[in-house]
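Remember, predicted model here, so these are calculated numbers, not experimental data. All values below come from the heavy atoms of this structure, side chains included, with hydrogens, waters and symmetry mates left out. Residue numbers begin at 1 in each chain, while the letters A, B, ... track the order of the sequences.
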Protein chains: 2
Amino acid sequence: MDKANYNEILNRFKVLIKENGMKYTKQREVILETLFFSNNHFTPESLYLLIKDNYPKLNIGIATVYRTLNFLEESELATSISFGMHGKKYEFGGKEHHDHLICKECGDIIEFLDDIIESRQEEIAKKHNYKIQSHNMQIFGVCPKCQKNKKFKG
Amino acid sequence: MDKANYNEILNRFKVLIKENGMKYTKQREVILETLFFSNNHFTPESLYLLIKDNYPKLNIGIATVYRTLNFLEESELATSISFGMHGKKYEFGGKEHHDHLICKECGDIIEFLDDIIESRQEEIAKKHNYKIQSHNMQIFGVCPKCQKNKKFKG
DNA sequence: TTGCCTGCAAATCCTTTGCATACTG
DNA sequence: CAGTATGCAAAGGATTTGCAGGCAA
């Protein structure tokens with residue numbers, strides 16, 4: 001399932017690369033692949049480290065990760081969220097839109113989608129004559145796990 | 001009106017300063033004052049430049065602006081929002097909670113508050129057993145002014 | 001073979017820190 | 001007068017850029 005889905009994404013990626021007069025490289029492929037399959041939120045550095053781990057034979061530098069993430073974001077194959085504390089994180093961008101519930105203690109992230117909030121947002125933008133492009137909402141709190149830990153600590 | 005309000009804030013600020021064994025300085029006062037009265041969203045640098053402009057006799061360094069903004073934010077007298085493009089911005093924090101509608105072209109910001117969204121957020125956090133602390137929502141779009149400009153350009 | 005990509009290291013940007021001096025209380 | 005705050009400049013951390021060699025087309 002995921003696999004089939006991925007091939008579609010990979011094709012879109014290849015087309016984008018060709019359209020931009022760029023070249024298809026192993027590094028670029030691996031970055032997209034990791035974003036897609038790990039289904040996680042990465043800082044450029046954490047993504048870089050994971051790739052080094054998973055593909056020990058592949059030579060990769062962090063500059064390439066930055067460069068590729070920027071390209072992927074422009075192409076809407078990656079999305080970034082920036083939240084105060086834990087820096088800017090990227091995730092695969094081809095998923096359905098969703099928002100984030102973030103633990104301020106451990107940085108853990110839960111994704112959610114709420115139709116009511118979505119439609120209110122549209123209305124608010126319309127009310128102010130803004131042409132809505134995207135939006136981005138984060139709820140910050142303490143996750144159940146960290147609430148427990150805090151209790152034990154004091 | 002604002003003036004009376006400001007005195008209250010200023011008192012709170014002075015108390016905070018005393019409580020923390022800190023000292024009341026002109027620089028700190030001017031930073032709070034500017035945040036309060038300009039009712040605007042500032043990067044540390046833009047705030048710094050405005051103050052230099054408005055108080056030519058006052059000697060102020062950007063390090064002090066950073067230091068004071070950090071203190072104000074901890075004390076909840078300033079709030080920051082970070083949105084991808086236009087960096088991290090601070091605003092006076094004593095206002096009622098609100099969210100932001102941001103123009104991606106010119107960085108213009110409209111504040112809004114929507115009760116329905118607010119209550120949905122509480123419910124979502126509760127559903128996931130998160131202890132909610134804060135949240136932060138940005139809608140990105142193009143403001144009416146920039147929509148017009150775009151038309152003329154192309 | 002051409003010219004884009006890469007890793008590396010240097011450069012840049014933003015923010016914080018160390019230090020000597022200035023000022024508050 | 002003691003001890004904090006300041007401005008400046010240097011240090012730090014994150015991201016971008018320049019370059020010489022490597023690889024895709």
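The interatomic distance linking B:Ile17 (CD1) with D:dT4 (C1') rounds to 11 Å, in whole Å. Here the P atom of nucleotide C:dC5 and the CG atom of A:Leu58 are 16 Å apart, to the nearest Å. Atom pair B:Lys88:NZ and D:dT15:P shows a separation of 14 Å (rounding to whole Å applied). In this structure, A:Tyr90 places its OH atom 14 Å from P of D:dA14, rounding to the nearest Å. Rounded to whole Å, atom C1' of C:dT16 lies 15 Å from atom CD of B:Glu73. Between the P atom of D:dA24 and the CG atom of A:Asn59 lies a distance of 13 Å, rounded to the nearest Å. Atom NZ in A:Lys18 sits roughly 18 Å away from atom P in C:dG3 (whole-Å rounding). A:Phe71 places its CZ atom 13 Å from the C1' atom of C:dC4, with the value rounded to the nearest Å.
Applying the 4.0 Å criterion to OP1 and OP2 of C:dT6, one finds that A:Thr25 has a side-chain N or O inside that range. The side chain of A:Gln27 contributes no N or O atom lying less than 4.0 Å from OP1 or OP2 of D:dC23.
A salt bridge links A:Glu29 to A:Lys26: at least one charged side-chain nitrogen sits closer than 4.0 Å to a carboxylate oxygen.
Side-chain contact annotation: A:Glu73 with A:Ser80, donor-acceptor N/O pair under 3.5 Å present.
B:Glu45 comes within contact range of no nucleotide atom at all, as no heavy-atom separation falls under 4.0 Å. B:Ile62 comes within contact range of no nucleotide atom at all, as no heavy-atom separation falls under 4.0 Å.
Counting only heavy atoms from C-beta on, A:Tyr66 has its side chain closest to D:dT16 among C:dT16, C:dT17, D:dT16. Checking D:dT6, D:dT16, C:dC5 against the side-chain heavy atoms of A:Met22 singles out C:dC5 as nearest. You'll find that the side chain of A:Arg67 is closest to C:dT6, out of D:dT15, D:dG7, C:dT6. Across D:dC8, D:dT16, D:dA25, the shortest atom-to-atom separation from the side chain of A:Asn70 is found for D:dT16.
Take the nearest nucleotide of DNA chain D for B:Thr64 and for A:Lys26: the residue whose nucleotide is more 5' is B:Thr64.
Remark: B:Ile117 CD1 to A:Met137 CE distance equals 7.5 Å, nearest 0.5 Å.
With hydrogens and angles ignored, no donor-acceptor pair under 3.5 angstrom links the side chain of B:Lys23 to the base of D:dT4.
In terms of modelled atom types and a separation under 3.5 Å, the side chain of B:Arg28 and the main chain of B:Lys23 share a donor-acceptor contact. Of the possible polar contacts, one joining the B:Ser38 side chain to the B:Thr34 backbone as a donor-acceptor pair under 3.5 Å is found.
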